[in-house]
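Since the structure comes first, as C-alpha cells, the remarks are kept for the end.
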Amino acid sequence: MFLAGYILVPGSHFAGMWRHPYSETDFCDPDLFKDTAVTLERGGFDLAFIPESLSVTTGLNDNYETFLKHGAVGAIRHDPNLLVSLMASVTKSLGFTVTLSTTYMEPYHLARTLSTLDHFSRGRISWNVVTSAGPSNGHNFGHFPKLISPEAYDRAEEILEICRKLWKSWEPDALVSDKASGLYADTGKIHPIDHEGERFKLRGPLSLPAGPDGEPILMSVGVSPRGRDFSAKWVDVVFAIQADAEGMSELRADVRRRAAEMGRDPEKIFLLTAVQPVIGETEAIAKARAEYLDELIHPDVAIAFLSGMIGVDATGFDPDTPIDKVLESSGKSPNKAAVDGGAAFPWLERIREEDRGRLWTLRDIAIRMARSTSTPRLVGTPEQVADQLESYFTSGACDGFVITPTHFPGSFDEFSRSVVPILRQRGHVRPAGHDPLTLRQRLGLQG
C-alpha cells in the first residue's frame with residue numbers, strides 16, 4: 001500500500017483547514033515544510049504530493065476575492081520545484097511528486113528541472129504532468145495561445161517525447177572525470193536530439209546526465225477519455241479523486257486496459273486515490289470531529305466554490321433556498337439530471353442518495369461539497385479507518401492513498417501514529433527502516 005501526504009494549504013479538500021485550532025497559519029515559513037517532510041518520512045509515508053496552479057484560486061465569473069479572503073485551497077501556492085528542494089534536503093527516503101504544467105513551460109526547462117531534482121534527491125522525484133488548460137491559469141500567461149483540452153494534450157505528448165529524448169541524451173558512462181588525462185566527458189556518448197516537431201524545435205543535448213533511474217516517475221490526473229489514453233501511454237501512476245470504490249476500480253481497470261492495448265504492461269500502472277481521514281479515539285468522537293470540521297467552513301467560500309461546479313452564480317441566493325430552485329433559476333433541470341442518471345451532476349445525485357427524504361438546500365450542498373469535494377471522508381477510530389483503507393486496497397480499487405489533511409501538518413502525524421501501525425501490522429505498509437533508495441524501487445519499477 002503506497003501512502004502519500006497531500007501538501008495543500010491554506011485550505012485542502014476541506015475548505016476550513018487553516019481555521020482549525022491545531023493548524024499552522026504561516027504557510028510561508030520554510031521550517032513548517034521541513035518539519036512536515038520529516039513527519040511524513042518518520043511516519044511511514046512514501047511520498048509528499050505537491051500540487052500546482054498558475055493563478056490564485058478563481059471561481060465563476062473570474063471571482064477570486066472570496067477564495068483569497070477566506071483562505072481556500074490555493075490561496076497560497078509556492079513554486080513546487082523550490083518547495084520540493086527544501087523538503088528533500090531534510091529527508092533521505094521520502095519521495096516527492098512535483099506538479100508542473102506542460103501548457104506554460106518549455107520542454108528543455110522541464111527536463112533539466114526534473115533531472116536536477118532527481119539528482120539532488122537521489123532518485124526520489126516523480127512528475128505529476130498537468131496541462132493547466134483552464135481559463136484561470138491562462139490569466140497570467142496571456143501571451144500564450146489559448147489551448148482547449150485536445151490541443152493541450154497534443155502539446156503535452158510532444159513535450160514528454162522531447163523530455164525522454166533529453167534524459168537519454170547522455171549515455172550512462174558518458175561522464176568520465178579522468179583528472180590524469182583531462183577527459184571530463186566522452187562526447188561520443190552525449191548526443192543531440194535534433195527534435196523538430198509540430199510545436200518545438202531543439203537540438204539538445206541536456207546540460208547534465210540523467211538522474212539515478214534515468215527519468216522520474218510520471219504521474220497524471222486526467223479522467224476524460226483523452227486523459228485516460230494519455231495516462232495509459234505515458235505514466236506510471238494515476239492520481240484519482242473518486243467518490244467511491246466503484247469509481248476507483250473503473251478508472252484503474254480502464255487505464256490498465258488501454259495501456260495493454262498500447263503494448264504496455266498494465267500491472268505496472270498504479271492508482272493512488274485521495275482520502276480524508278477523520279480519526280477519533282472512539283467512533284462517537286470521530287463523528288463529533290467531522291461535524292466540528294463542517295462548522296469551520298465559511299458559507300461564502302462554500303457557495304462560491306459550488307457556483308463554479310454547477311455553472312450558476314449562487315452567491316446572491318438565500319443559503320436556505322432549495323438547491324433545485326437554484327438550478328431551475330438558470331434553466332438547469334435537476335429533474336432531467338435525475339432522469340438521466342445524474343449525468344449533469346453525478347456528485348449531486350450521490351449526495352441526494354444519502355437522504356432521499358431531505359429537502360437539500362444550497363447551504364447543505366455547498367457545505368457538503370466544501371468539506372471534501374469528491375474525496376471520500378473516512379470517519380472512525382484508527383481501526384475503522386484502517387479497515388476502510390484495507391477494503392479499498394484489497395478489493396483492487398486502488399494501489400495506495402493520498403492523505404488529505406484536515407489540519408496542517410498535524411493530520412499527518414495523527415495518521416502515522418494511529419493508523420499506520422495498524423496497516424503495518426496487517427502487512428500493508430512496509431516495515432520501518434526498510435526504505436529503498438529511489439522512488440522507482442519503492443514502486444517495483446526498477447529496470
Side-chain angles (χ1 to χ4, degrees), residues 11-17 19-20 59-60 66 70 72-73 241-248 250 273-280 282-381 384-385 387-388 391-392 404 406:
S12 67
H13 289 164
F14 155 59
M17 185 181 74
R19 299 182 66 194
H20 195 287
L60 201 64
T66 300
H70 298 296
V73 60
I241 298 178
Q242 295 288 325
D244 51 39
E246 182 180 1
M248 299 172 202
E250 187 278 329
T273 189
V275 293
Q276 184 192 84
V278 181
I279 306 164
T282 67
E283 184 176 356
I285 291 174
K287 289 181 177 179
R289 285 180 175 168
E291 292 175 2
Y292 173 71
L293 292 176
D294 290 350
E295 294 174 4
L296 298 178
I297 300 172
H298 198 289
D300 287 355
V301 75
I303 292 172
F305 173 67
L306 183 67
S307 295
M309 295 190 69
I310 63 178
V312 176
D313 186 358
T315 58
F317 285 86
D318 184 323
D320 292 322
T321 304
I323 188 63
D324 289 353
K325 287 190 176 181
V326 175
L327 295 174
E328 288 169 353
S329 71
S330 65
K332 296 181 183 291
S333 171
N335 294 326
K336 182 178 186 301
V339 169
D340 291 346
F345 306 117
W347 50 267
L348 179 56
E349 290 309 302
R350 284 195 295 269
I351 294 174
R352 292 183 197 273
E353 287 292 335
E354 295 175 8
D355 188 350
R356 277 291 176 186
R358 179 174 177 174
L359 180 63
W360 290 92
T361 67
L362 171 61
R363 186 201 311 272
D364 293 335
I365 298 298
I367 295 295
R368 176 65 177 75
M369 290 307 296
R371 78 184 193 187
S372 64
T373 60
S374 294
T375 301
R377 180 181 265 190
L378 311 181
V379 181
T381 64
Q384 289 171 328
V385 170
D387 288 345
Q388 294 174 78
S391 176
Y392 287 137
T404 304
T406 58

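Computed from a predicted structure; not experimentally measured. Values reported hereafter were calculated over all heavy atoms of this structure, with side chains retained and with hydrogens, waters and symmetry mates removed. Sequence positions, counted from 1, serve as the residue numbers for this chain.
- Looking at every heavy atom in both residues, Val379 comes nearest to Ala290 through CG2-CB, 4.1 Å.
- Note that CZ of Arg377 and CD of Gln388 are 12.5 Å apart. Values are rounded to the nearest 0.5 Å.
- Distance check: Met17 CE to Ile297 CD1 gives 12.5 Å after rounding to the nearest 0.5 Å.
- Under the 30°/60° scheme for interplanar angles, the aromatic rings of His70 and His298 are found to lie parallel.
- Between Lys325 and Asp318 there is no salt bridge, since no side-chain N of the basic residue sits under 4.0 Å from a carboxylate O of the acidic one.
- The structure places CG of Leu378 at 9.0 Å from CD1 of Ile279, a figure rounded to the nearest 0.5 Å.
- Although no hydrogens or angles enter the test, the distance criterion places a donor-acceptor pair under 3.5 Å between the side chain of Gln276 and the main chain of Arg371.
- The nearest pair of heavy atoms linking Ala370 to Ala302 is CB-CB, 3.8 Å.
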Residues Phe14, Leu296; criterion side-chain contact (heavy atoms from CB on, under 4.5 Å); working and verdict:
CA-CA 9 Å; Phe14 155 59; Leu296 298 178; 3.9 Å; yes

Please assess Glu353 against Arg350 for the test salt bridge (Lys or Arg N to Asp or Glu O under 4.0 Å), listing each intermediate value before the final yes or no.
CA-CA 5 Å; Glu353 287 292 335; Arg350 284 195 295 269; over 6 Å; no

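- Across all their heavy atoms, Val326 and Ala314 have their closest contact at CG1-CB, 4.0 Å.
- Lys287 and Glu283 are joined by a salt bridge, as a carboxylate oxygen and a charged side-chain nitrogen come within less than 4.0 angstrom of each other.
- Atom CD of Glu295 is separated from atom CD1 of Ile367 by 10.0 Å, given to the nearest 0.5 angstrom.
- The minimum heavy-atom distance linking Ala286 with Gly280 is given by the pair CB-N, 3.6 Å.
- Proximity of Thr404 to Ser372: side-chain heavy atoms (C-beta onward) are nowhere separated by under 4.5 Å.
- Panel note: side chain Ser307, backbone Val312; a donor-acceptor pair is recorded below 3.5 Å.
- Put simply, OG1 on Thr282 and CD on Gln384 are 9.0 Å apart, with the number rounded to the nearest 0.5 Å.
- Ile241 has its side chain within reach of His13: a pair of non-hydrogen atoms, C-beta onward, lies under 4.5 Å apart.
- Between Asp364 and Ile323 there is no side-chain heavy-atom pair separated by less than 4.5 Å.
- Counting all heavy atoms, side chain and backbone alike, Thr273 lies closest to Gln242 at OG1-N, 4.1 Å.
- Heavy-atom neighbours of Glu354 CD from other residues, nucleotides or ligands within 6.0 Å: above the threshold of 12.
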For Thr66 and Thr315: C-alpha separation, side-chain torsions, deciding distance, then whether side-chain contact (heavy atoms from CB on, under 4.5 Å) applies.
CA-CA 10 Å; Thr66 300; Thr315 58; over 6 Å; no

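- Both tests hold for Arg358 against Trp360: distance to the six-membered ring centre under 6.0 Å, angle to the ring axis within 45°.
- Atoms OH and CD1, on Tyr292 and Ile285 in that order, are 15.0 Å from each other to the nearest 0.5 Å.
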Please report the C-alpha distance between Leu348 and Ile365 in whole Å, then the side-chain angles of each, then the deciding distance to 0.1 Å, and finally whether the side-chain contact (heavy atoms from CB on, under 4.5 Å) criterion is met.
CA-CA 8 Å; Leu348 179 56; Ile365 298 298; 3.7 Å; yes

Derivation of the side-chain contact (heavy atoms from CB on, under 4.5 Å) call for Leu362 and Leu306:
CA-CA 9 Å; Leu362 171 61; Leu306 183 67; 3.7 Å; yes

